[in-house]
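Just so you know, these numbers use all the heavy atoms, side chains as well, and skip hydrogens, waters and symmetry mates. None of these values were measured; they are calculated from a predicted model. Every chain is numbered from 1 and lettered A, B, ... according to where its sequence line falls, protein lines coming before strand lines.
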Amino acid sequence: GAVVSQHPSWVICKSGTSVKIECRSLDFQATTMFWYRQFPKQSLMLMATSNEGSKATYEQGVEKDKFLINHASLTLSTLTVTSAHPEDSSFYICSSRVSLAGGLSSYNEQFFGPGTRLTVL
Amino acid sequence: DAKTTQPTSMDCAEGRAANLPCNHSTISGNEYVYWYRQIHSQGPQYIIHGLKNNETNEMASLIITEDRKSSTLILPHATLRDTAVYYCIVNTNAGKSTFGDGTTLTVKP
């Protein structure tokens with residue numbers, strides 16, 4: 001299957017600093033990527049949909065000025081957590097949607113990155 | 001996207017079949033059923049998906065009821081490495097995935 005990588009896999013930063021997380025599709029081009037956040041013992045929460053060459057679409061309650069998303073190429077989307085605070089500590093996961101051929105028709109499949117663990121002190 | 005309901009947790013003996021149910025009574029005609037699993041501290045992994053026919057791949061089988069209001073993921077011979085949180089998601093083929101709470105499957109020796 002398609003491979004999605006994330007960098008870094010973990011990061012520790014001081015409160016007030018900004019952190020950039022990269023999401024790359026390694027062997028395919030992704031016009032659409034998704035960013036999720038997961039707190040301990042909770043499910044994944046969709047933050048935003050990242051579209052190559054256009055502005056991201058944010059879910060309700062997600063601050064677009066705090067979580068900056070850039071999808072400048074078909075293989076790279078970045079999430080920048082600006083002015084991070086301890087409550088932003090979480091597991092951030094990206095995914096890419098790929099169109100695959102299956103039987104008589106094509107279908108879309110999501111491939112997820114391994115996640116980035118952010119700890120804000 | 002249609003809402004799904006899954007049991008919070010299930011246990012299964014190693015080597016036995018694990019049957020994970022999912023209710024999606026409000027599914028619409030163009031929505032697919034997808035199953036993913038997440039092993040601790042990793043990104044979710046795609047397992048299988050289907051529209052209305054039963055599906056099987058190297059990982060699992062998916063049984064969808066005729067009215068499409070529920071489905072069951074079957075792991076035919078569970079191993080300890082299958083211990084994970086299993087998510088059932090319904091959405092359109094081009095839609096975003098909204099995760100519910102999933103089922104924590106614990107495979108025991």
Contact origin within A:Gln6 toward chain B - heavy atom pairs under 4.5 Å: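 Contact with chain B: none, neither part.
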Toward chain B, the part of A:Leu44 with a non-hydrogen atom under 4.5 Å: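 When you check distances to chain B, atoms from both the backbone and side chain of A:Leu44 fall under 4.5 Å.
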Set of side-chain hydrogen bond (donor to acceptor under 3.5 Å, both in side chains) partners for B:Asp67, sequence neighbours left out: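 Residues passing side-chain hydrogen bond (donor to acceptor under 3.5 Å, both in side chains) with B:Asp67: B:Thr65.
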Between OG1 on residue A:Thr116 and NZ on residue A:Lys20, distance to nearest 0.5 Å: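 So the gap between those two atoms works out to 13.5 Å.
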Residues of residues 51-89 of chain A within contact distance of chain B, non-hydrogen under 4.5 Å: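 Near chain B, by residue number: A:Glu59.
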Presence of salt bridge, B:Glu66 and B:Arg68, under 4.0 angstrom: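 No, B:Arg68 and B:Glu66 are not salt-bridged.
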B:Ser41 versus chain A, the contacting section by heavy-atom distance below 4.5 Å: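 For B:Ser41, heavy atoms of backbone and side chain both lie under 4.5 Å from chain A.
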Centroid separation B:Tyr46 to A:Phe112 less than 6.0 Å: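 Here the rings of A:Phe112 and B:Tyr46 have centres that are no less than 6.0 Å from each other.
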Near-ring test B:Tyr87/B:Tyr36, centroid separation under 6.0 angstrom: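 Distance test on ring centres: not under 6.0 Å, no.
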Between B:His24 and B:Ser70, a side-chain donor and acceptor under 3.5 Å: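 Side-chain D/A pair, B:His24 to B:Ser70: absent.
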Flag for A:Gln110-A:Arg97: side-chain donor and acceptor within less than 3.5 Å: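 Checked: A:Arg97/A:Gln110 side chains show no N/O donor-acceptor pair below 3.5 Å.
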